[in-house]
Student: 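So that we are looking at the same thing, I have put the structure below in structure tokens.
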Amino acid sequence: MSGLPVVLCVAEKPSLAASIAGFLSEGKHRSRRGGQEVHEFERDFNGARCHFKVTAVIGHVLSIDFPAKFQSWDLDPAILFDAPVQKKEATPKARVVEHLEREAKGASHLILWLDCDREGENICFEVIDACAPVMRPNRGDTFVHRAKFSAVSKESIERAMRTLGAPNRAEALAVDARQELDLKVGVAFTRFQTRFFQGRYSHLDASVISYGPCQTPTLNFAVQRHLEIVSHTPEDFWSLHVEVRSTSLGKTLVTRWERERVFDGDVGEMFRSMVAGDRHALVESVEETEEFKRRPPGLNTVDLLKAASAGMGMGAHRAMQVAERLYIQGFISYPRTESTAYPPGFDLKGTLKAQRGHPDWGEWVEELLAGSMTKPRGGKDEGDHPPITPVRSATESAVGGGEAWRLYDFVARHFIASVSPDCAYVSRRATLVAGGERFRVSGQTVIAPGWTTVMPHRAVEDDPLGEIERGESLPIATVELRQGATSPPPYLSEAELIGLMERNGIGTDASIPTHINNIESRKYVTIQSQGGRRVVPTDLGVTLVQGYHRIDPELALPAVRSHVEKQLDMIATGKADHESIVRHTLAQFAAKFRNFVDQIERMDTLFEASFDPTCSSGKPFSKCGRCLRYMRLVSTRPQRLYCPTQEEVLELPAGTVKLYNNRECQLCGFELLLYQNGDRTYPMCPWCFNHPPFVGGSRPTKGLVSGAPHPRAHPIVDALVVCPCPECGEDDKLKGREGGWLMLEPVGGPRWKFVCTGCALVVKLNDSVHRVTVDKLDVCGACGARCPTVIYHKDRTPLAGGETAHVACLACDDLLNSSIELARGRGAARGGGRGGRGGRGRGRGRKPPSDHDQKMSFKDF
DNA sequence: GCAAGGTC
């Protein structure tokens, strides 16, 4: 090390760190990788020579969540509003905190180069929290500095260095507040809705029925359009179609009726006969004006996404992925920006020069460079990133063709268009009179196509009206009264939806695609790839939104977001303190939540109208312990039992569930089932599985249950248990948990086996065994385990004298051990399991049984 | 299994 004081600079993303280092060092930095890339150089700071290190985080360092004890879906979601929240590393894999600590160690100064928006301000404090404790600033020094930059340019970065300030705590706190509100509101409503509706309706195949302050209003837009469409009643209308002949032009002109249309057929007919009574139309006036079609301003994210969706058939989410890749590969500039105005000092000419010689638009670029290049028009500079531009010239094959090319092609053409002259044309319009009615004809002549040269799909059509004089009389060729009917608007296009979200402040440029993707993947809408990506809500989507409108419309309206934003603005501007705003707003949402829970039936009745209640589907299966009637097995996932009389839904673990010979649970009287997991079968009580009678008992879990559905304490398990599992029994006991037990598999022969309640261990008995039973009273004198009674086949018995009955300990008896094989069963250690007990056989210094069946005895353990 | 916001 140089021994100079160290100045650590931290940017929001690696690419920005590289740019900043380049500007501050005039390109003379060295780069090394250590977690994230670090760029180093020497430079004066505060009047002293310093060693600069410039590195980056990857967006937020931390994210917010509930502590572990609030993660259970069995809790009443209402308590979440008062629950504590904690910050933890957002992407633990990236080890950003560790990286920051290492680079900050001993540093004298920290300069924060996070993006200059609220989120960036919040990340500042995340970075400070990681760095400050390990830094070694000079006594009395202000050592944390905030760099404020409005563009990634040398000027702006140098200016930021000269005007360093302090990070804005108020803005950061506003973000903390948003995070807490979004988390609590979103998770509380989502858990409640999901638990309430899940299992109630058979064709409702949704694993999660989510609510969110952005996703739900997004869905609302799509549903409102749907309602407009379905409530539309067509109305008949009539319109006059008149064509006149222009002798001077030698062609027929199609006119437009000034009234456009009337909604009464008799009136339409009256107009028709009036016009038809005239043989000529008189040219009342002719107007000619020069018009301009303005060049587009710079391209921001939202406009790029709209164009991709509407013009390229590429979804917003997909477009963002493709743009991201083009950016990483250096073809286009940073694709996440709100700005449509180029910042002062932006190198427009250099950017344009890079496109010189391009086979598709190089010629036009030359023309611009030769003098016709025009200053970009208007737009807004949000101070985040410049508009999206091409960075270097590339051909279709260079960017990899397909979607990447279509996007690059658009970005390049859009940029070139933004510095091209406007398109100029002459518009000529004439008004004709016939039968007292006015009709119009128009045409236009392009003078200079300007920017539309590179964006031909937006060109003005060259369609001259030709010579037509005021006072001229044109013969009428045809007069027709056409009948039509009003039609509903089409479904919302994704591009329109993006526009609505932007205008209503739902999401950000970076998150809008995620929200749209969200409502699609949750099956609230489908997006039709044919016909311009129309967003069509599903029954589920419509039902949810209608439900919110019945109970509390605000839940689905964009106002939810803007109300919260207003509260946050108060924090950000220091007009109110974080604490009280959060408390106040949470109280409002908690009240909304209680009201929602109270009135959920109003949404439920809507669900009933669209979905089959579970009670009307499924086949009669096993007996309910309370009404003694048959419950129905609903096999659409998630698999469950439904008792029509008790209106109770009992969840079942994923896997095969069978009947267990009419046996009943001693605890609750429900008919017992067999639960098959891979090649192991366990007894199961559907009631006890959902309402565990013991502390630490099983809970319904999604997916596979990795061991037995019940602990040993349940009588149906206890009756079959013989000894602790040699694989997981003892170990877990040492950890203070109930270990696994070997139990006789309840399905019987001819392939008798013992299975572990906790892991995948299977103890198979060979084919000399005819029958096995377990009796609580037969206890091994040596180890205290229960001794199963094994009955051998007469002709295959290993017992002396042809004896067939053998009561012996599975753990201690050598003879019995000669008739077994240990194996690890299939289908274990998947799906999370319960308490992490399943299939933990590895890495403990003993040789575990292999996946293949293998002769091995208990002595091997 | 849950939100929304950064960014890869």
Side-chain angles (χ1 to χ4, degrees), chain A residues 11-17 35-37 56-66 70-75 77 80 83 85 87 89-91 93-94 96 114-124 126-127 172 174-195 197-199 205-218 301 320-321 323-325 327-329 334-336 384-385 501 505-519 521-522 560-561 564-565 568 589 637-638 651 654 699-703 831-832:
Chain A
E12 191 159 321
K13 43 191 160 283
S15 62
L16 203 52
Q36 299 306 313
E37 211 170 10
V57 291
I58 320 157
H60 271 290
V61 180
L62 306 175
S63 69
I64 184 181
D65 203 353
F66 294 111
F70 293 93
Q71 295 294 348
S72 167
W73 286 56
D74 292 335
L75 300 168
L80 295 175
V85 291
K87 290 202 175 196
E89 220 168 327
T91 21
K93 265 193 194 157
V96 177
L114 285 307
D115 289 359
C116 295
D117 51 27
R118 271 188 206 169
E119 295 294 333
E121 222 56 36
N122 186 270
I123 303 174
C124 279
E126 297 178 346
V127 171
V175 171
D176 281 343
R178 178 196 55 73
Q179 291 177 341
E180 185 171 345
L181 289 167
D182 285 348
L183 175 74
K184 290 186 169 177
V185 174
V187 172
F189 277 89
T190 298
R191 284 190 191 166
F192 171 70
Q193 291 183 162
T194 302
R195 291 234 104 163
F197 290 112
Q198 202 172 55
D205 68 335
S207 60
V208 167
I209 301 175
S210 57
Y211 173 86
C214 285
Q215 57 174 267
T216 304
T218 301
T301 307
M320 216 51 227
Q321 289 174 335
E324 186 83 34
R325 215 182 67 226
Y327 160 65
I328 297 290
Q329 295 170 336
Y334 192 65
R336 278 188 284 263
D384 48 355
H385 296 273
M501 293 174 74
I506 304 296
T508 65
D509 50 358
S511 70
I512 281 174
T514 314
H515 298 311
I516 297 177
N517 203 43
N518 224 336
I519 60 172
S521 65
R522 297 270 159 75
V560 185
R561 194 75 194 155
V564 172
E565 294 289 346
L568 299 180
F589 275 105
R637 274 187 281 184
E651 296 187 38
R699 288 245 165 66
T701 47
K702 266 282 147 60

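Hydrogens, waters and symmetry mates play no part in the numbers below; they use all other heavy atoms, side chains included. In what follows, every chain begins at residue 1, and chains take the letters A, B, ... in the order their sequences are listed. As the structure is a computational prediction, the values presented were derived from the model and not from experiment.
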Student: So, do Val57(A) and Glu126(A) sit near enough that their side-chain heavy atoms are less than 4.5 Å apart?
Tutor: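 Answer no - side chains too far apart.
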
Student: Heavy atoms under 4.0 Å, any strand shown: does Gly507(A) hit a base, just sugar-phosphate, or nothing?
Tutor: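 Contact class for Gly507(A): sugar-phosphate only.
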
Student: Rounded to the nearest Å, what distance is computed from the CD atom of residue Gln193(A) to the P atom of nucleotide dA3(B)?
Tutor: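 Gln193(A) atom CD is separated from dA3(B) atom P by 11 Å.
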
Student: How do Asp65(A) and Ile328(A) order along DNA chain B: which one's closest nucleotide is nearer the 5' end?
Tutor: Asp65(A)

Student: Base, sugar-phosphate, or nothing: which does Asn122(A) touch, judged by heavy atoms less than 4.0 Å apart?
Tutor: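 Asn122(A): no heavy atom of the nucleic acid under 4.0 Å.
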
Student: Send over the distance from Ile209(A) CD1 to dA3(B) P, rounded to a whole Å.
Tutor: 13 Å

Student: Please pick, from dA4(B), dG6(B), dG1(B), the nucleotide with the shortest atom-to-atom distance to any side-chain atom of Glu119(A).
Tutor: dG6(B)

Student: Just how far, in rounded Å, is P of dC2(B) from CZ of Phe197(A)?
Tutor: 19 Å

Student: Looking at Arg336(A), does any N or O in its side chain come under 4.0 Å of the phosphate oxygens OP1/OP2 on dC8(B)?
Tutor: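 Yes, because at least one side-chain N or O of Arg336(A) sits under 4.0 Å from OP1 or OP2 of dC8(B).
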
Student: If you assign Thr91(A) and Val187(A) each to the DNA chain B nucleotide with the nearest heavy atom, which residue ends up on the more 5' nucleotide?
Tutor: Val187(A)

Student: Compare side-chain N and O positions of Tyr334(A) against OP1 and OP2 of dT7(B) and report whether any pair is under 4.0 Å apart.
Tutor: yes

Student: Going by heavy atoms in the side chains, are Ser210(A) and Gln215(A) under 4.5 Å from each other?
Tutor: yes

Student: Would you mind reading off the distance between Lys13(A) atom NZ and dT7(B) atom P, rounded to a whole angstrom?
Tutor: 4 Å

Student: Counting side-chain heavy atoms from CB outward, which of dC2(B), dC8(B), dA4(B) is closest to Cys214(A)?
Tutor: dA4(B)

Student: Of all the choices, dA4(B), dG1(B), dC8(B), which nucleotide is nearest to the side chain of Arg178(A) once you look at every atom?
Tutor: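 For Arg178(A), the side-chain atoms sit closest to dA4(B).
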
Student: Is there a side-chain contact between Arg561(A) and the phosphate of dA3(B), meaning an N or O under 4.0 Å from OP1 or OP2?
Tutor: no

Student: Using a heavy-atom cut-off of 4.0 Å across all strands, would you classify Pro77(A) as base, sugar-phosphate, or nothing?
Tutor: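 Counting heavy atoms under 4.0 Å across all strands, no contact is made by Pro77(A).
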
Student: Within the structure provided, determine whether Val187(A) and Pro77(A) are in side-chain contact (heavy-atom separation under 4.5 Å).
Tutor: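 The answer is no, as the side chains (C-beta and beyond) never meet within the 4.5 Å cut-off.
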
Student: Counting side-chain heavy atoms from C-beta on, which of dG1(B), dC2(B), dT7(B) comes nearest to Arg191(A)?
Tutor: dC2(B)

Student: Between Leu80(A) and Arg191(A), is there a side-chain heavy-atom distance shorter than 4.5 Å?
Tutor: yes

Student: Give a yes/no verdict on base stacking between dG1(B) and Trp73(A): centres under 5.5 Å, planes within less than 30° of parallel.
Tutor: yes

Student: When you measure from the side-chain N and O atoms of His515(A) to the phosphate of dG5(B), is any distance below 4.0 Å, counting only OP1 and OP2?
Tutor: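 For dG5(B), OP1/OP2 do have a side-chain N/O of His515(A) under 4.0 Å.
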
Student: Measure NZ/Lys93(A) against P/dG6(B) and give the value in whole Å, please.
Tutor: 23 Å

Student: Would you mind reading off the distance between Asp117(A) atom CG and dG6(B) atom P, rounded to a whole angstrom?
Tutor: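 To the nearest whole Å, that distance equals 7 Å.
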
Student: Looking at side-chain heavy atoms only, is the closest gap between Thr218(A) and Met501(A) below 4.5 Å?
Tutor: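 Counting from C-beta outward, Thr218(A) and Met501(A) do come under 4.5 Å.
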
Student: For dG1(B) and Thr190(A) - does any side-chain N or O of the residue sit under 4.0 Å from the phosphate oxygens OP1/OP2?
Tutor: no

Student: Could you tell me whether the phosphate oxygens of dC8(B), OP1 or OP2, come under 4.0 Å of any side-chain nitrogen or oxygen in Arg325(A)?
Tutor: no

Student: May I have the distance from Leu16(A) (atom CG) to dG6(B) (atom C1'), rounded to whole angstrom?
Tutor: 13 Å

Student: Is the Phe189(A) ring parallel, tilted or perpendicular to the Tyr211(A) ring (thresholds 30°, 60°)?
Tutor: tilted

Student: I want to check one thing: is the phosphate of dG5(B), taken as OP1 and OP2, less than 4.0 Å away from some side-chain N or O of Ser511(A)?
Tutor: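 Checking Ser511(A) against dG5(B): at least one side-chain N or O falls below 4.0 Å of OP1 or OP2.
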
Student: To the nearest Å, give me how far apart CZ (Phe589(A)) and C1' (dA4(B)) are.
Tutor: 13 Å

Student: Determine the contact category for Ile64(A): base if any of its heavy atoms lies under 4.0 Å from a base atom, sugar-phosphate if only primed atoms, P, OP1 or OP2 are that close, otherwise nothing.
Tutor: base

Student: So, OP1 or OP2 of dA3(B): does either fall under 4.0 Å of a side-chain N or O from Gln179(A)?
Tutor: no

Student: Under 4.0 angstrom, heavy atoms only, what part of the nucleic acid is Tyr211(A) near: base, sugar-phosphate, or nothing?
Tutor: sugar-phosphate

Student: Ignoring hydrogens and geometry beyond distance, is the side chain of Gln71(A) in donor-acceptor contact with the base of dC2(B) at under 3.5 Å?
Tutor: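 Indeed there is one.
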
Student: Of all the heavy-atom pairs spanning Ala323(A) and Pro335(A), show the shortest one and how long it is.
Tutor: CB-CB, 3.9 Å

Student: Out of dT7(B), dC2(B), dA4(B), which has the shortest distance to the side chain of Arg522(A)?
Tutor: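 In terms of side-chain proximity for Arg522(A), the closest of dT7(B), dC2(B), dA4(B) is dC2(B).
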
